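Reading through the structure tokens given below for one structure.
Keep in mind that this is a model prediction, so the values were computed, not measured. So that the names make sense, note that chain A is the first sequence line, chain B the second, and so on, each numbered from 1.
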Amino acid sequence: MSITTGRKTKRISFNEIGTFLTNTIDDGELLAIGGLFKQGRPLALVREVIRQRLKALKIISSPGSGFDVDLLIAAGCVAETFLPAVTLETQMCPSFRRAVEAGTITAHCVDALSVVGGFLAAANGVPFQPVAAWKGSDVIKHNPLIKEITCPFTGEKLFATKAIRPKLALLHAQEADEFGNIRHLSTMTYADQLIARSADTVLVSVDRIVPSEDIISRPRETSIPCIYVDAVVEIPFGAHPTGSFPNYSIDEDHIDAYAACADAARKGAPDGDRDLQAYIKQHVIAPTDQESYLASVGGTIRMDELVAEAQAL
Amino acid sequence: MSITTGRKTKRISFNEIGTFLTNTIDDGELLAIGGLFKQGRPLALVREVIRQRLKALKIISSPGSGFDVDLLIAAGCVAETFLPAVTLETQMCPSFRRAVEAGTITAHCVDALSVVGGFLAAANGVPFQPVAAWKGSDVIKHNPLIKEITCPFTGEKLFATKAIRPKLALLHAQEADEFGNIRHLSTMTYADQLIARSADTVLVSVDRIVPSEDIISRPRETSIPCIYVDAVVEIPFGAHPTGSFPNYSIDEDHIDAYAACADAARKGAPDGDRDLQAYIKQHVIAPTDQESYLASVGGTIRMDELVAEAQAL
Amino acid sequence: MMTSSTIRNSQDYTPAEMQAVFLSRDLTDGELGAAGASAAIPMAAMLLARLKHAPNLSIAGEMFVNPYPKQLWSSMLDDRALGACEAAETFLELFAHSHRGLDFFFHNGMQIDQYGNINLHHIGGTIDAPIMRGPGAANISYAVTSRRFYICTSVHTKRTFVPKVDFITSPGYLQGPESYHAAGLKYGPKYCVTPLAIMDFAPQTLRMRLKSVHEGVSVDDVIRQTGFDLQIPEHVDITEPPTADELRLLRDVVDPKGLLLS
Amino acid sequence: MMTSSTIRNSQDYTPAEMQAVFLSRDLTDGELGAAGASAAIPMAAMLLARLKHAPNLSIAGEMFVNPYPKQLWSSMLDDRALGACEAAETFLELFAHSHRGLDFFFHNGMQIDQYGNINLHHIGGTIDAPIMRGPGAANISYAVTSRRFYICTSVHTKRTFVPKVDFITSPGYLQGPESYHAAGLKYGPKYCVTPLAIMDFAPQTLRMRLKSVHEGVSVDDVIRQTGFDLQIPEHVDITEPPTADELRLLRDVVDPKGLLLS
């Protein structure tokens with residue numbers, strides 16, 4: 001029984017991303033970003049957020065974030081973060097550090113369970129999630145998302161973490177059909193499903209659109225069903241410079257070059273700010289399609305290397 | 001990197017099931033049963049529960065249950081049920097109905113969200129799960145698993161449902177490796193993962209043991225990781241007469257024949273009780289291995305039909 | 001109970017087909033809905049709506065997303081009945097759907113009362129000492145959180161349609177407007193669809209009201225088979241029979257084995 | 001900071017290898033543990049233990065179960081570093097693991113104090129107006145719920161080993177027995193493992209105490225690099241160096257690219 005006749009596509013083109021963003025999130029609202037650390041981050045979508053000059057955003061993510069958040073801060077899009085860890089793993093995030101130290105953004109003190117518990121509560125449609133695993137840390141003294149609560153069965157004191165409902169979630173996955181059924185081929189799906197189920201609107205970039213028949217042939221592999229997805233866009237290497245396994249690996253060289261540039265700016269090096277803004281101009285503002293972006297970061301030769309690295313794992 | 005050398009197997013033989021059961025659950029304790037309605041129910045394990053003469057059990061399950069619960073009640077193993085729906089779908093469960101009406105078992109008044117929420121809380125390691133979706137039903141007036149609670153953020157009144165930690169969970173899946181990594185091939189995995197994560201001890205029957213390399217080659221398809229599983233046993237047609245898709249379909253004829261027999265007993269038909277006990281003797285007590293059980297229910301000819309029905313879907 | 005002899009054109013379509021067709025017309029493109037177990041007529045209605053006028057209707061909330069069954073089965077909540085689908089979910093997602101609600105759901109009951117309350121727990125006695133114990137219900141939440149639900153039953157008799165259910169498994173309009181609002185309920189049953197007729201609920205009283213009778217059924221037939229004082233408006237329509245196109249899609253595509261014919 | 005010239009037999013093994021080998025010996029067969037991000041040494045320790053004496057050691061709690069990496073990476077929390085594994089989990093399961101606890105976990109910090117408290121948030125100023133803002137920590141719960149944890153750092157200096165951390169990201173023994181018990185804590189750090197030495201915690205005071213120094217390191221070296229009054233027992237062992245078999249497994253199987261050598 002084939003009943004896709006007449007069904008509306010959720011696929012949008014790269015050129016439509018900007019309008020989709022400005023239609024679904026305003027300055028000052030809560031934006032969620034999928035992926036984890038240096039993989040599965042929707043960088044092509046994040047760059048469009050910068051090009052649309054969205055301002056004063058509140059940013060939340062799966063508990064581990066880094067490059068994209070730092071770039072958004074460097075570009076002046078962020079007012080507040082609700083991010084447990086902000087790191088490039090082998091080094092700190094320069095623009096995050098600089099902005100928090102200068103007091104130009106507010107980095108709320110949260111941890112993994114407050115963020116994941118908040119997504120979980122929102123996804124489940126309840127106002128809070130109980131958490132019993134916090135003791136002794138200063139994080140819980142400053143965490144704005146939590147309150148004490150008493151278990152009505154045991155009488156024990158524990159915490160409630162508040163439901164988190166982002167205005168918009170940006171995610172990246174490897175495959176989807178045009179109706180918005182998402183499939184992660186990466187071993188890790190991070191918090192992407194939870195974020196999709198908790199956000200008001202969900203936009204997903206994928207490496208490849210596949211036929212709906214392919215999705216239906218393996219339904220248990222659909223990681224996010226279409227009912228949680230509002231739009232899907234095919235962007236080859238859309239996660240670059242983060243990785244999209246098993247398709248392409250992490251471009252550590254690009255991330256390191258960015259970090260060196262942003263760290264020089266943080267340290268007040270001569271031309272530091274100019275060089276950082278030149279990075280943003282060259283790799284974010286100027287390339288208004290993915291082809292010109294890829295050309296700006298090493299083109300086919302570099303992408304082939306990242307594909308080969310992923311295949312060798 | 002292969003590091004399975006020296007690793008202990010979790011595989012047990014059919015003959016070891018009885019000892020495993022008596023070592024892990026006592027009379028009067030809480031037993032959880034996986035699957036849903038007429039599929040994926042661990043019937044071979046349930047029959048061993050009866051053969052071991054376990055008594056006064058409290059039974060919980062995914063929210064939809066039927067044949068196995070009715071059989072356990074007919075065999076006199078059950079004192080209390082925490083089961084939202086007990087039905088054969090096209091007809092009621094005769095022994096359940098009879099026992100509740102006679103007052104010989106207590107059928108607690110619970111629903112899907114109290115059971116799933118209770119498993120979820122236990123799986124998450126918190127003492128309760130908030131539920132906000134109950135209003136107007138008499139079920140919540142009689143549900144022993146719930147209490148009122150106030151949201152510390154919104155002030156709204158809602159419910160807390162208590163963590164449920166079964167002493168033992170019996171599950172059925174299609175494949176596993178000998179280290180207890182479980183793979184459901186059925187589209188539906190029911191509440192099996194939640195039950196596995198909430199129970200003290202977990203025993204899983206599978207249609208087929210596969211090599212560990214096969215599990216490792218597709219890790220996203222492992223439905224229950226080995227860390228939640230204590231023992232695994234290969235039992236061909238171990239879910240019969242319920243289905244184990246896509247391997248074999250539901251034996252509706254067998255279930256109907258049982259139901260007719262149990263319903264005659266319920267109605268007090270002449271020889272009704274004798275016939276029901278004869279069913280139990282013939283299909284549960286007498287067959288002490290799976291081969292003789294299968295011979296008692298139609299043998300290879302009938303199993304081939306059920307395999308063919310599943311393949312035709 | 002409905003018998004085939006009361007249908008004028010019994011050769012044309014069955015009461016079950018009429019029920020499925022009526023329900024399908026009331027489902028809107030883009031909505032999200034589900035049916036529970038033992039729900040061949042609701043599943044037929046959803047599948048027919050997708051084929052006919054609602055290609056973007058999503059079926060989800062019972063652990064699978066957008067099934068493509070090859071035929072109808074009397075149970076519609078197992079792999080057999082599912083055929084294929086676009087995504088698998090678990091009870092974890094069902095927990096979430098139950099809170100966030102669907103656009104529509106379907107219910108059935110051992111007893112249905114004049115306010116659309118549904119009983120699947122017991123008849124006579126008490127819940128702890130029942131004369132007759134029913135199966136209970138897996139999920140009582142969709143009646144509360146879904147924007148609307150349909151009562152769909154294949155039995156229309158005085159035993160089923162009672163003035164007041166012995167136990168409210170899933171709430172309809174409780175004991176009318178006051179109790180309904182006091183309980184904090186926001187939604188409720190839209191139509192009650194039986195082999196004889198379609199009922200709705202009077203906006204002021206929230207009591208069940210005859211809307212239309214199926215071809216060959218008289219208003220008196222319905223009154224006779226209903227155990228409470230059914231509201232009868234001045235004008236009662238005949239339920240619009242299935243069109244040739246609806247019957248063709250239903251029989252050729254949705255229900256090729258004729259489950260609703262038998 | 002440790003330099004290679006302080007190692008007598010630097011040609012034999014590196015401090016990082018010593019740390020991995022020491023940690024591996026303390027992991028018991030059948031235990032369940034995990035390391036976070038940026039955890040090459042802990043991952044090497046777990047993999048070596050599985051090869052050497054703990055084939056039933058399970059690695060889970062960070063969204064994958066039992067990884068089989070082909071080599072070590074400086075990050076150990078992505079597909080690249082994972083290689084293959086037996087099952088994938090998500091943050092949903094991490095939420096559960098964080099409550100139910102592991103047998104062991106590993107922590108690192110910008111500051112580590114004499115009670116084993118760890119700071120990854122800020123140095124100087126306040127959390128709202130820090131002089132230096134650190135990365136924060138993804139998961140602070142394993143320090144509380146895991147039966148024990150190890151502090152494993154590649155930096156042993158007075159800047160890192162401070163009397164009192166400016167901010168407690170993950171609690172060790174807080175300000176000693178009274179505050180530790182008052183906070184309801186039950187577990188804590190077992191060893192602090194650095195390129196210079198192994199420290200444990202004195203049972204009475206819960207203060208950090210030197211246990212052994214690595215080959216070529218003197219007690220005075222350790223004291224000089226530690227910014228608080230490290231407890232020094234009468235007898236300080238030399239850390240048992242890696243055996244030939246341990247080094248062979250580490251280099252041939254666990255770390256064939258020599259990440260711990262550089």
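For the pair C/Asn139/B/Pro63, no side-chain contact is recorded, criterion being any heavy-atom separation below 4.5 Å from C-beta on. Using a 4.5 Å heavy-atom threshold, the side chains of C/Leu92 and B/Gln193 count as separate.
Proximity to chain C is absent for every atom of B/Phe119, based on heavy atoms less than 4.5 angstrom apart. For a residue to count as touching a neighbouring chain, one of its non-hydrogen atoms must lie under 4.5 Å from one of that chain's; by this rule C/Ile118 does not touch chain B. Both the backbone and the side chain of C/Phe95 come within contact range of chain B, with heavy atoms under 4.5 Å apart. In this structure, chain C has a heavy atom under 4.5 Å from the side chain of B/Met92, while its backbone stays farther away. At a 4.5 Å heavy-atom cutoff, the contact between B/Ser186 and chain C is made by backbone and side-chain atoms alike. No part of B/Val115 comes within reach of chain C, as not one of its non-hydrogen atoms sits under 4.5 angstrom from that chain. Only the backbone of B/Ala312 has a heavy atom closer than 4.5 Å to any heavy atom of chain C. The parts of B/Leu313 that come within reach of chain C are both its backbone and its side chain, each placing non-hydrogen atoms under 4.5 angstrom from that chain. For B/Gln91, no part sits under 4.5 Å from any heavy atom of chain C, backbone or side chain. Only the side chain of B/Leu36 comes within less than 4.5 Å of a heavy atom in chain C; its backbone stays farther off. Of the two parts of B/Phe37, only the side chain, counted from C-beta on, holds a non-hydrogen atom closer than 4.5 Å to a non-hydrogen atom of chain C. Proximity to chain B is limited to the backbone of C/Ala137, based on heavy atoms less than 4.5 angstrom apart. If you measure heavy-atom distances from C/Ser98 to chain B, the contacts under 4.5 Å come from both the backbone and the side chain.
For the residue pair B/Ala191 and C/Phe91, the shortest heavy atom distance occurs at N-CD1, 3.3 Å. Scanning all heavy atoms of the two residues, the minimum distance from C/Ser141 to B/Ala133 falls at OG-O, 3.4 Å. When all heavy atoms are compared, the tightest approach of C/Arg133 to B/Glu101 is N-OE2, 2.7 Å. Across all non-hydrogen atoms, the minimal contact from B/Ser137 to C/Ile168 is OG-O, 3.3 Å.
Heavy atoms of other residues, nucleotides or ligands lying less than 6.0 angstrom from CZ of B/Arg218 number more than 12.
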Step-by-step side chain to side chain contact (heavy atoms under 4.5 Å, CB included) determination, C/Arg80 to B/Glu252: CA-CA 12 Å; C/Arg80 191 179 57 176; B/Glu252 297 278 9; 2.7 Å; yes
Between B/His142 and C/Phe167, is a side chain to side chain contact (heavy atoms under 4.5 Å, CB included) present by the stated rule, with each step listed? CA-CA 11 Å; B/His142 295 86; C/Phe167 185 95; 4.0 Å; yes
Should C/Asp78 and B/Lys38 be marked as a side chain to side chain contact (heavy atoms under 4.5 Å, CB included) after you check the CA-CA gap, both sets of side-chain angles, and the distance that decides it? CA-CA 8 Å; C/Asp78 57 48; B/Lys38 287 185 276 194; 5.5 Å; no
The test is side chain to side chain contact (heavy atoms under 4.5 Å, CB included); show your working for B/Glu89 and C/Ser74 and say whether it passes. CA-CA 8 Å; B/Glu89 293 187 273; C/Ser74 49; over 6 Å; no
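Atoms CG and CD, from C/Asp79 and B/Gln39 in turn, are 5.0 Å apart once rounded to the nearest 0.5 Å. Between atom CG of residue B/Leu113 and atom CD1 of residue C/Ile140 there is a gap of 7.5 Å, rounded to the nearest 0.5 Å. Taking NZ of B/Lys135 as the reference point, atom CG of C/Leu174 lies at 12.0 Å (rounded to 0.5 Å). Summarising the geometry, atom CD1 belonging to C/Ile127 is positioned 8.5 Å from atom CG belonging to B/Asp138; distances are rounded to the nearest 0.5 Å.
Although no hydrogens or angles enter the test, the distance criterion places no donor-acceptor pair under 3.5 Å between the side chain of C/Thr90 and the main chain of B/Thr189.
No other option in B/Gly136, B/Gly103, B/Gly64, B/Ser114 has as many heavy-atom pairs under 4.5 Å with chain C as B/Gly136. Interface check for chain C: of the options B/Asp111, B/Asp192, B/Thr87, the most heavy-atom pairs under 4.5 Å are formed by B/Asp111. In terms of heavy-atom pairs under 4.5 angstrom with chain B, the leader among C/Gln71, C/Met63, C/Met132, C/His122 is C/Met132.
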